[in-house]
J.: 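Before I ask anything, here is the structure I am working with.
Below, each value reflects all heavy atoms present in this structure, side chains not excepted, and no hydrogens, waters or symmetry copies. Small disclaimer: the values here were computed from a predicted structure and weren't measured. If you read the sequence from its start, that first residue is 1, and numbering goes on from there.
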Amino acid sequence: MFLGSLVFAQQKTPVLGGDRDVHGCIGSAGYTYSQIRNKCVRVFEQKIKLKEVGGDKSYTTMTAVIFSKDMKRAEIFIPNANAKSIILDKEGKNKIWKSGSYIKESYVLVPYKKTGYQIKKDDVVIYQ
């Protein structure tokens, strides 16, 4: 009986904020690391938010876009992707940002209507 009580007493309760990633971001508080901003951000608090298109699930997800100051790079946060975020690079004077060959899938960010954007994965719109 005493041994069982001792084992129970030694079990630790989770520490609030104990889920920091390698950058110090606390996932349980909604933070993820932004490569462009070089700090922890909350994706749902970003200015440019896009909703999932054509999801056949009972829920939809959202993502955000963060641009570099010179607008040559865009960072997108794709839920359930291998990477927490993906950096897209602008090609020339076009207003199209593309993922590099370092990832398997091909992601593209393009302007949509007057003030919005679309994210395409392998030429299929997934967010807008």
J.: In terms of hydrophobic clusters joined by side-chain contacts under 4.5 Å, are Ile36 and Leu88 together?
T.: yes

J.: Which heavy-atom pair separates Ile86 from Ile78 by the least distance, and what is that distance?
T.: CD1-CG1, 4.1 Å

J.: Is it possible for you to say whether Val43 and Ile48 belong to one hydrophobic cluster, with membership spreading through side-chain heavy-atom contacts below 4.5 Å?
T.: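 Yes, one cluster joins them.
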
J.: Sub-3.5 Å donor-acceptor pair from the side chain of Asp122 to the main-chain atoms of Ser106, do we have one?
T.: yes

J.: To the closest 0.5 Å, what do you measure between CG (Leu50) and CG (Leu109)?
T.: 7.5 Å

J.: Of all the heavy-atom pairs spanning Phe77 and Tyr33, show the shortest one and how long it is.
T.: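 Looking at all heavy atoms of both residues, the closest pair is CE2-O, 3.9 Å.
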
J.: Kindly compute the distance separating CD1 (Ile119) from CD1 (Ile76), expressed to the nearest 0.5 Å.
T.: 4.5 Å

J.: Looking at every heavy atom in both Asp19 and Ser28, which two are closest together, and how far apart are they?
T.: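 Of all heavy-atom pairs spanning Asp19 and Ser28, the closest is OD2-N, 2.6 Å.
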
J.: Not counting sequence neighbours, list each pair that qualifies as a side-chain hydrogen bond (donor to acceptor under 3.5 Å, both in side chains) and has a residue in residues 64-77.
T.: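 Non-adjacent pairs meeting side-chain hydrogen bond (donor to acceptor under 3.5 Å, both in side chains): Ser34-Glu75, Ser68-Asp70, Glu75-Ser85.
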
J.: Could you tell me which residues satisfy salt bridge (charged side-chain N to carboxylate O under 4.0 Å, His left out) with Lys120, sequence neighbours excluded, listed by chain and number?
T.: none

J.: So if you build clusters from Ile, Leu, Val, Met, Phe, Trp, Tyr with side-chain heavy-atom gaps below 4.5 Å, do Tyr31 and Ile66 land together?
T.: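 No, separate clusters.
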
J.: Shortest non-hydrogen contact from Lys49 to Gln46?
T.: NZ-O, 2.9 Å

J.: Do Ile87 and Val108 share a hydrophobic cluster, counting only Ile, Leu, Val, Met, Phe, Trp and Tyr and linking them when any side-chain heavy atoms are less than 4.5 Å apart?
T.: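 Cluster IDs for Ile87 and Val108 differ.
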
J.: What's the separation between atom CE in Met62 and atom CZ in Phe44, rounded to the nearest 0.5 Å?
T.: 9.0 Å

J.: For Lys90, I'd like to know if atom NZ has over 12 heavy atoms of other residues, nucleotides or ligands within 6.0 Å.
T.: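 Enclosed: over 12 neighbouring heavy atoms sit under 6.0 Å from NZ of Lys90.
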
J.: Could you measure the distance from the CD1 atom of Ile96 to the CG atom of Asp89? Nearest 0.5 Å is fine.
T.: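 Result: 13.5 Å between the selected atoms.
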
J.: Mind listing the closest non-hydrogen atom pair of Gly24 and Cys40 along with its distance?
T.: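 Here Gly24 and Cys40 meet closest at C-SG, 4.0 Å.
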
J.: As an exercise, state the distance from CD1 of Ile126 to NZ of Lys121, rounded to the nearest 0.5 Å.
T.: 6.0 Å

J.: Is the side chain of Gln128 donor-acceptor paired with the backbone N or O of Gln118 at a distance under 3.5 Å, no angle test?
T.: no

J.: Determine, using the 4.5 Å side-chain heavy-atom cutoff (strictly less than), whether Val41 and Met71 are members of one ILVMFWY cluster.
T.: yes

